[in-house]
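Take a look at the structure below.
As the structure is a computational prediction, the values presented were derived from the model and not from experiment. In what follows, residues are counted from 1 in the order of the sequence shown.
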Amino acid sequence: MRILVVGAGAIGGYFGGRLLQAGRDVTFLVRPRRAGELASAGLVIKSPNGDVTLKNPPTVQADAIKDKFDVVLLSCKAFDLDDAIKSFAPAVGPNTAIIPMLNGMKHLDTLGARFGKERVLGGLCAIAATLNEKREVVQLQPMQSITYGERDGAMSDRVKAIDEAFRSGINGASASQNIMQDMWEKWVFLSSLAASTSLMRTSVGNILAAPGGRDFLLGMLDETSSVAAASGYPPGGPFFERVKGNLTTEGSPLTASMFRDIKAGLPVEADHVIGDLIARADAAKVPVPKLRIAYTHLKAYERQRAG
């Protein structure tokens, strides 16, 4: 099974690196600068689950793709999706499976329109990782998972083959027959956390300590959950209780990566994570006043940053 990992940053570098470490046939699609870094220093992973240096990992640049791949693993930010599609399009053949690990749902339509819905699986990952100043992949916490599956819930032969390959190298890899529910539930948590901590510019614990903070956080969770339910994917059970716990833990330092990006003056996925949720709320006639305020805040930040 030939696997093309789009990018070798924190997420692609980590999961792709673990697959390469396990002897899988992995190639990283990278830009010239990253290709040079990997050629000189190798792909270095620093992790509570074990460090590894992979010397001279296979790389390819967009203008040099000649072959079709069985799997494309995609982990870019939403605002880079169009450029990413252009770069890996030559690698997609009739039997290629694309596994996107982007946030939200909008990317599924974009990828399906370009490559055909049948080539696009559902996917998500959970990992805390970053690139350090040496351009090494650093996993910050032991927790990790990557989940993938057919969007209609079938356990197809291709998903079984992908699952076998991924499980051989990645702890926490799993095929799901409820991938759309899984993706919606992640979106509910992510959007609630991102909207709340970005709008308030602080952690969950500090929001909870403020007057009305608990009601604000739970109100945001109620809004995102209502949109999911109206779309046919009501969150509930252990997941919902876990998310509720994460948003009501006194003193919690938890923040969203979106908030950390704002602090660093970086681009944010305002439209993909929050704006698209509001559009779906409007279509279902679900009121989401808190989400709207958070979205206006994010768009004002984007305007300021562009200026």
Side-chain angles (χ1 to χ4, degrees), residues 9-11 75-79 101-106 124-131 138-141 143-145 183-228 235 239-281 286-306:
I11 295 176
S75 61
C76 65
K77 291 285 191 178
F79 42 75
M101 295 185 290
L102 285 75
N103 296 317
M105 293 287 172
K106 196 172 184 179
L124 67 150
C125 67
I127 186 171
T130 187
L131 289 183
V138 180
Q139 186 180 10
L140 304 173
Q141 300 171 3
M143 175 275 300
Q144 63 185 44
S145 67
M183 291 175 67
W184 266 99
E185 290 185 348
K186 180 183 179 182
W187 195 10
V188 164
F189 174 55
L190 174 70
S191 57
S192 299
L193 181 65
S196 297
T197 60
S198 297
L199 180 59
M200 294 298 177
R201 298 291 181 97
T202 191
S203 66
V204 165
N206 287 336
I207 297 172
L208 286 169
R214 181 184 174 89
D215 288 343
F216 171 79
L217 285 164
L218 291 179
M220 192 72 80
L221 179 59
D222 284 344
E223 288 187 11
T224 60
S225 298
S226 295
V227 180
F239 163 81
F240 192 78
E241 292 306 313
R242 186 168 65 251
V243 168
K244 191 173 180 180
N246 288 334
L247 294 176
T248 55
T249 300
E250 300 288 343
S252 171
L254 185 64
T255 62
S257 60
M258 184 181 288
F259 165 60
R260 298 192 293 275
D261 288 341
I262 290 173
K263 287 179 67 178
L266 298 173
V268 294
E269 297 178 307
D271 293 320
H272 199 74
V273 174
I274 307 299
D276 188 39
L277 202 59
I278 292 172
R280 293 168 193 261
V286 174
V288 286
K290 292 180 175 64
L291 274 177
R292 291 186 189 281
I293 295 171
Y295 182 63
T296 300
H297 177 75
L298 292 169
K299 297 304 287 185
Y301 163 77
E302 287 184 342
R303 181 64 180 262
Q304 173 183 302
R305 185 176 177 275

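Interatomic distance, Ser252 OG to Leu247 CG, rounded to the nearest 0.5 Å: 8.5 Å. Between the CD atom of Gln139 and the OG1 atom of Thr130 there is a distance of 12.0 Å, given to the nearest 0.5 Å. Taking NZ of Lys263 as the reference point, atom CE of Met258 lies at 15.5 Å (rounded to 0.5 Å). Considering CG of Leu102 and OG of Ser75, their distance stands at 7.5 Å, rounded to 0.5 Å. Considering CG of Leu217 and CD1 of Ile207, their distance stands at 5.0 Å, rounded to 0.5 Å. With rounding to the nearest 0.5 angstrom, the OG1 atom of Thr224 is 10.0 Å from the CG atom of Leu190.
With contacts defined as side-chain heavy-atom distances shorter than 4.5 Å, the pair Thr249/Val204 does not qualify. With a 4.5 Å cut-off on side-chain heavy atoms, Glu223 and Ser192 do not count as touching. The closest side-chain heavy-atom distance from Asp271 to Leu298 is not below 4.5 Å. Side-chain contact between Phe216 and Leu199: present, with at least one pair of heavy atoms (C-beta onward) separated by less than 4.5 Å. When side chains are defined from C-beta on, Met200 does not count as touching Asn206, because their heavy atoms never get closer than 4.5 Å. Looking at Ile274 and Leu291, their side chains come closer than 4.5 Å, going by heavy atoms from C-beta outward. Between Val227 and Val288 the shortest side-chain heavy-atom distance falls below 4.5 Å. By the 4.5 Å heavy-atom criterion applied to side chains, Val268 and Phe259 are not counted as neighbours.
Phe240 approaches Ser225 most closely through the heavy-atom pair CE1-OG, 3.2 Å. In plain terms, the two heavy atoms of Phe239 and Glu185 that are nearest each other are CZ-O, 2.8 Å. Heavy-atom minimum distance, Ala78 versus His272: CB-CG, 3.4 Å. Taking both residues in full, the closest heavy atoms of Trp187 and Asp276 are given as CH2-OD2, 3.4 Å, listed atom of the first, atom of the second, then distance. Listed here is the closest heavy atom pair of Ala256 and Ala194: CB-CA, 3.4 Å.
A donor-acceptor contact shorter than 3.5 Å is absent between the side chain of Glu269 and the backbone of Asn103. Ser196 places no side-chain N or O within donor-acceptor distance of the main-chain N or O of Leu193, the cut-off being under 3.5 Å. Ser198 contributes no side-chain N or O that, together with a main-chain N or O of Ala195, makes up a donor-acceptor pair within less than 3.5 Å. Between the side chain of Lys186 and the backbone N or O of Cys125 there is at least one donor-acceptor pair closer than 3.5 Å. The main-chain N or O of Thr197 is never found under 3.5 Å from a side-chain atom of Thr255 such that the two would form a donor-acceptor pair.
For Arg280, the CZ atom sits in a packed shell: over 12 heavy atoms of surrounding residues, nucleotides or ligands are nearer than 6.0 Å. Other residues, nucleotides and ligands contribute at most 12 non-hydrogen atoms within 6.0 Å of the NZ atom of Lys244.
A salt bridge does not link Arg305 with Asp261: none of the charged nitrogens is closer than 4.0 Å to a carboxylate oxygen.
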